[in-house]
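Written out below as structure tokens is the structure these notes cover.
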Protein chains: 2
Amino acid sequence: MNASMTIGEAAAASGMAADNIRYYEKIGLLAKPSRTATGNYRTYTTAEVQRLSFIRRARELGFPIEQVREMLDLTRHHERDCARVDQLTHEHLQSIDRKIADLTALRHELEGMLTSCHGGTVRECRILGAIHPGSSN
Amino acid sequence: MNASMTIGEAAAASGMAADNIRYYEKIGLLAKPSRTATGNYRTYTTAEVQRLSFIRRARELGFPIEQVREMLDLTRHHERDCARVDQLTHEHLQSIDRKIADLTALRHELEGMLTSCHGGTVRECRILGAIHPGSSN
DNA sequence: CTTGACCTTGGAGCGACTTCAAGGTTTATA
DNA sequence: TATAAACCTTGAAGTCGCTCCAAGGTCAAG
């Protein structure tokens, strides 16, 4: 089998936009694929589509491109220790926890502003008052 | 008083970087300030610094620039109904809730991957396995 | 009078795409 | 067979909200 696909087919198979595949190729996250003789179209093997799916999944999990790049490198060296993957995942988890904490704090503040707002004119608005510094106006 | 400040002083007073003030002026979020005759330096009044502080605070609360722009417009029309401010805040709160939900789901997934990882080589890595599609490799 | 801290402008860089324009190729249909 | 629709190609610009830089002008302190 090892079906050879166009970029559109690879995009459909991996769940990634074709433009995005070209972008990943441009920044060197993907090797340059072979091309058709006649139309110079990119062609992708099932192995390359698996790589695409890996990237898409890692990005969905929020790993930055550079970490994805490192993980792709690691998958090419099966004998290496997976501690590095564990570490990357830990760091990523921590950054997500920080983001959640930040957003939760914001959430509380916004909610407090909303409940203190009882309508009326902009002049009386408690929300704008809460944002505005040292002024009830 | 109505002290006239340079951009650096206004930056210090509002807690916003000077580059940032120039940026907000460039995108039309701030009116062009008056300038000194001799050196063509921007000068800011206390009212303008209050505006800067408002912007900084709204941005800290995560409101996008365009919403900040709208709120600044509203503060110039005191007699208007503050329902629009309430609506903007509601929408913003909802988008924050969506982000928190997304990040929490990610968090769980990453945590599951971490607890399933028991070290070993990259070949055996459960984390990479969880990311990789249809392959135990 | 020099040093250093400030200010000016325009433009590039960041992350991770997304969209566009202007063409070439392939495939399906009439 | 002609042609139209659907695909592919490239390079460049736009998105968001800054952030940093270079090359120069200005100003206050010593």
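Just so it is clear: chains get the letters A, B, ... in the order the sequence lines come, proteins before strands, and each one is counted from 1.
For the pair A:Ile21 CD1 and D:dT10 C1', the computed distance is 17 Å after rounding to whole Å. Rounded to whole Å, atom C1' of C:dA16 lies 11 Å from atom CD of A:Glu66. With rounding to whole Å, B:Phe63 atom CZ is found 13 Å from D:dG17 atom P. Between the CZ atom of A:Arg35 and the P atom of D:dC8 there is a distance of 12 Å, given to the nearest Å. Taking atom OH on A:Tyr44 and atom C1' on D:dT9, their separation rounds to 12 Å, with Å as the unit. As a whole-Å value, the separation of B:Arg69 CZ from D:dC16 P is 11 Å. Rounding to whole angstrom units, CG of residue B:Leu30 and C1' of D:dG17 are separated by 14 Å. What separates CD of B:Gln67 from P of D:dC16 is a distance of 13 Å, to the nearest Å.
Listed pair A:Thr6 / D:dC7 fails the phosphate criterion, with no side-chain N or O lying under 4.0 Å from OP1 or OP2. A sub-4.0 Å separation between OP1 or OP2 of C:dT8 and a side-chain N or O of B:Arg22 is present.
Sorted by first and then second residue, the pairs that involve residues 52-67 of chain B and meet side-chain hydrogen bond (donor to acceptor under 3.5 Å, both in side chains), not counting sequence neighbours, are A:Glu109-B:Arg57, B:Arg56-B:Glu60, B:Glu66-B:Arg69. Residue pairs meeting the ring-ring contact (aromatic ring centres under 6.0 Å, His included) criterion with at least one partner in residues 92-111 of chain A, sequence neighbours excluded, are A:Phe63-A:His92.
Under the 4.5 Å side-chain heavy-atom criterion for grouping Ile, Leu, Val, Met, Phe, Trp and Tyr, B:Tyr41 is not connected to B:Met5 through any hydrophobic cluster.
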With a cut-off of 3.5 Å and sequence neighbours excluded, list every side-chain donor-acceptor pair involving residues 18-27 of chain B.
residue : atom : partner : partner atom : Å
B:Asp19 : OD1  : B:Arg22 : NH2          : 3.1
B:Glu25 : OE1  : B:Arg42 : NE           : 2.7

List, with names and distances, any nitrogen or oxygen atoms from the protein found under 3.5 Å away from nitrogen or oxygen atoms belonging to nucleotides 26-28 of chain D.
residue : atom : partner : partner atom : Å
D:dT26  : O4'  : B:Tyr41 : OH           : 3.3
D:dC27  : OP1  : B:Thr38 : OG1          : 2.4

Is there any protein nitrogen or oxygen under 3.5 Å from a nitrogen or oxygen in nucleotides 17-22 of chain C, and what are the pairs?
residue : atom : partner : partner atom : Å
C:dC17  : OP2  : A:Tyr24 : OH           : 2.5
C:dC17  : OP2  : A:Arg59 : NE           : 2.8
C:dC17  : O5'  : A:Asn20 : OD1          : 3.3

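For the residue pair A:Leu74 and A:Arg80, the shortest heavy atom distance occurs at CD2-NH1, 4.1 Å. Across all their heavy atoms, A:Thr43 and A:Glu48 have their closest contact at O-OE1, 3.9 Å. Of all heavy-atom pairs between B:Leu61 and A:Ile131, the closest is CD1-CG1, 4.0 Å. Between B:Leu103 and A:Leu103, the shortest heavy-atom distance links the atoms CD1-CD1, 3.8 Å.
Residues satisfying the salt bridge (charged side-chain N to carboxylate O under 4.0 Å, His left out) criterion with B:Asp73, sequence neighbours excluded, are B:Arg76.
Across all strands, B:Ile7 comes closer than 4.0 Å only to sugar-phosphate atoms, never to a base (heavy-atom distances). Note on A:Arg42: only backbone sugar-phosphate atoms sit closer than 4.0 angstrom, heavy atoms only; bases stay farther off.
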